[in-house]
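First comes the structure, then the notes that go with it.
One is the number of the first residue; the rest follow in order along the sequence. Everything numeric here is computed off the predicted structure, so don't read it as measured data.
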Amino acid sequence: MSSPARMSYRSHKSPKSPRGWKSSAVGAAVVAALLSSAACESGADGGPDGARPSDRPSATSSAEPSGTSSAQPGGTTASAKPSETASAEPSGTPGNPGGNGGGSVAACTAEDLGVSALKEPADSKENRHLVITVQNAGDKKCGLYHYPHVQLGADAQTTVPVIEESNMDPGVPVTIAPGEEAYAALLVSGGARDEYEAKSISLTLQGKKPGSEAGEPIDVPMPVNTLYADDGQLVTYWTTASGAALDFIMSR
């Protein structure tokens, strides 16, 4: 009799009630819904870093510097063009109002000048070293260009060569006001060959262009009756300092 009762007890005990797994399924669904909601909220906030799209800096607006047009090279250097600054450079050199080429001072002419020649030293017996002096006898400033073209003697075939190192200010004329003087030193003979007698001195002024001649030859009064010249003769550029001119020939 006891055996059937045990069997009855086992047959009455059944598996877990469906209510248990249904509640588990409901719980899992709730968890899934919560996770899905959290994921949606994370996506709405702009990602896991928590930064909203409106809070993120713009890659284009903040990276571009403002006012770049005013920083362009053309905006600040246009006034420094060489063509604009060159016109501001003064012409000529201090102490020489004629400027380079004597643009504001007319060239001297034979009519403007008084001319003379003296030997140096005055008591010398050789008569080899002369200083030619020109004086502005006009009423305006004028400019002397380069050096005088000098011929010693009426039969001279060429002009006297120049001492190039005597050119103190290349390209700039010597400007003399009314009453002022300029000088050129003349070496009559240099102890070379082909000596000859010269009974006259003629001088021709140069124009702006080197080698050109302005006007007719000027007769220079002779300091002595006869000069003994040779092929060592030399002349200096014009200067307003007679001593400086003589320095180039006195040691020769």
Side-chain angles (χ1 to χ4, degrees), residues 95-96 107-110 112-137 142-177 179-207 210-252:
N96 188 357
C108 295
T109 64
D112 297 326
L113 304 175
V115 184
S116 63
L118 296 175
K119 64 179 182 177
E120 291 290 339
D123 58 354
S124 173
K125 295 180 179 180
E126 295 182 336
N127 303 325
R128 296 177 57 240
H129 305 97
L130 304 182
V131 58
I132 298 174
T133 304
V134 294
Q135 184 182 53
N136 187 346
C142 65
L144 294 165
Y145 289 89
H146 317 299
Y147 58 92
H149 284 169
V150 177
Q151 285 185 313
L152 290 173
D155 297 329
Q157 300 298 312
T158 61
T159 58
V160 178
V162 69
I163 301 173
E164 288 293 346
E165 56 266 30
S166 66
N167 188 4
M168 302 293 187
D169 203 355
V172 180
V174 173
T175 301
I176 50 176
E180 292 182 343
E181 296 178 341
Y183 312 93
L186 174 63
L187 181 64
V188 176
S189 61
R193 301 173 299 173
D194 300 331
E195 185 179 86
Y196 66 95
E197 292 184 358
K199 295 183 179 293
S200 66
I201 303 173
S202 67
L203 176 155
T204 305
L205 301 173
Q206 288 196 61
S212 64
E213 293 187 345
E216 297 297 320
I218 303 169
D219 290 330
V220 181
M222 291 283 288
V224 294
N225 291 331
T226 303
L227 294 171
Y228 295 91
D230 61 24
D231 59 0
Q233 57 195 253
L234 294 167
V235 70
T236 67
Y237 278 78
W238 291 113
T239 178
T240 54
S242 60
L246 286 168
D247 285 343
F248 288 100
I249 67 169
M250 294 306 292
S251 61
R252 297 174 185 262

Task: Close side-chain approach of Tyr237 and His146, heavy atoms under 4.5 Å - done: yes
Task: Smallest separation among heavy atoms of Lys119 and Pro223, with atom names - done: N-CB, 4.3 Å
Open item on the list: Can you confirm whether more than 12 heavy atoms, excluding those of Asp155, are under 6.0 Å from its CG atom?
Closed with: no
TODO: Taking Asn167 for its side chain and Glu164 for its backbone only, find out whether a donor-acceptor pair lies under 3.5 Å.
DONE: no
Using atom types as modelled, flag every donor-acceptor pair under 3.5 Å from a side chain in residues 210-220 to any protein atom, sequence neighbours excluded.
{"residue": "Ser212", "atom": "OG", "partner": "Gly207", "partner atom": "N", "Å": "3.3"}
{"residue": "Ser212", "atom": "OG", "partner": "Lys209", "partner atom": "O", "Å": "2.6"}
{"residue": "Glu213", "atom": "OE2", "partner": "His149", "partner atom": "ND1", "Å": "3.1"}

Acceptor/donor pairs from residues 239-252 side chains to any protein atom, 3.5 angstrom cut, sequence neighbours excluded:
{"residue": "Thr239", "atom": "OG1", "partner": "Ala241", "partner atom": "N", "Å": "3.2"}
{"residue": "Arg252", "atom": "NE", "partner": "Phe248", "partner atom": "O", "Å": "2.8"}
{"residue": "Arg252", "atom": "NH2", "partner": "Glu165", "partner atom": "OE2", "Å": "3.4"}

Task: Nearest atoms (heavy-atom pairs only) where Pro221 meets Ala117 - done: O-CB, 3.9 Å
Open item on the list: Against Tyr183, only a single residue in Thr236, Val134, Val131, Val174 fulfils side-chain contact (heavy atoms from CB on, under 4.5 Å); can you say which?
Closed with: Val131
TODO: First locate atom CG of Leu234, then atom OH of Tyr147, and finally report the distance between them rounded to the nearest 0.5 Å.
DONE: 11.0 Å
Task: Sub-4.5 Å side-chain heavy-atom contact between Leu187 and His129 - done: yes
Review item, side-chain donor-acceptor pairs of residues 188-201, under 3.5 Å, at least two apart:
{"residue": "Ser189", "atom": "OG", "partner": "Arg128", "partner atom": "NE", "Å": "3.3"}
{"residue": "Tyr196", "atom": "OH", "partner": "Leu152", "partner atom": "O", "Å": "3.0"}
{"residue": "Tyr196", "atom": "OH", "partner": "Gln233", "partner atom": "NE2", "Å": "3.3"}
{"residue": "Lys199", "atom": "NZ", "partner": "Thr226", "partner atom": "OG1", "Å": "2.8"}
{"residue": "Ser200", "atom": "OG", "partner": "Ala154", "partner atom": "N", "Å": "3.4"}

Task: Gap between atom OG1 of Thr159 and atom CG of Leu203 - 0.5 Å precision - done: 11.0 Å
- [ ] For Cys142 and Thr109, run side chain to side chain contact (heavy atoms under 4.5 Å, CB included): C-alpha distance rounded to whole Å, both residues' side-chain angles, the deciding distance at 0.1 Å, then the answer.
- [x] CA-CA 8 Å; Cys142 65; Thr109 64; over 6 Å; no
Task: Inter-residue atom distance Cys108.SG - Ile176.CD1, 0.5 Å rounding - done: 4.5 Å
